[in-house]
Amino acid sequence: MKIIQVTIKDIARELNVSSSTVSRALKDYPGISDETKRKVRELADKMNYRPNAIALSLQKGRSYTIGVIIPEVVHFFFFHSNQRD
């Protein structure tokens, strides 16, 4: 089963507003009416909208991800189970 992530564009299409309006409403910008903010937040909750973590890390310039480089693997670890289903 494939999980489809809801985007700002999906919310904008549903409400017939621009994606920048949806983005600003979610960030509580003062130039967006309270009614629009309410509609956007309600639909975002209903559609289970979650911000894209990769896009946020690109915007902020920080990903909070640690990379580990191993030059040579001397011992290989594996798991073997004798248990049969």
Within the supplied structure, the quantity of interest is the number of heavy atoms (other residues, nucleotides, ligands) at a distance under 6.0 Å from Lys39 NZ; does it exceed 12? no
The side-chain contact (heavy atoms from CB on, under 4.5 Å) partner of Ser18 among Leu15, Asn16, Thr21 is Thr21
Whether Lys37 side chain and Tyr29 backbone form a donor-acceptor pair below 3.5 Å: yes
Could you pull out the closest heavy-atom pair between Met47 and Val6, with the gap in Å? O-CG2, 3.2 Å
Euclidean distance, Ser63 OG relative to Leu56 CG, rounded to 0.5 Å: 12.0 Å
Quick one: salt bridge (Lys or Arg N to Asp or Glu O under 4.0 Å) pairs with a partner in residues 44-54, sequence neighbours left out? none
Please find the pair of heavy atoms, one from Ile8 and one from Tyr49, that lie closest to each other, and give the distance. CG1-OH, 3.5 Å
Salt bridge or not between Arg41 and Asp34? Use side-chain N to carboxylate O under 4.0 Å. no
Donor-acceptor side-chain pairing of Thr36 and Ser33 below 3.5 angstrom: yes
For residues Leu43 and Leu26: do they belong to one hydrophobic cluster (side chain heavy atoms under 4.5 Å, members Ile, Leu, Val, Met, Phe, Trp, Tyr)? yes
Measuring from atom OG of Ser23 to atom CD1 of Ile32, what distance do you get when rounded to the nearest 0.5 angstrom? 9.0 Å
Inter- and intrachain pairs under salt bridge (Lys or Arg N to Asp or Glu O under 4.0 Å), touching residues 10-25, at least two apart: Asp10-Arg13
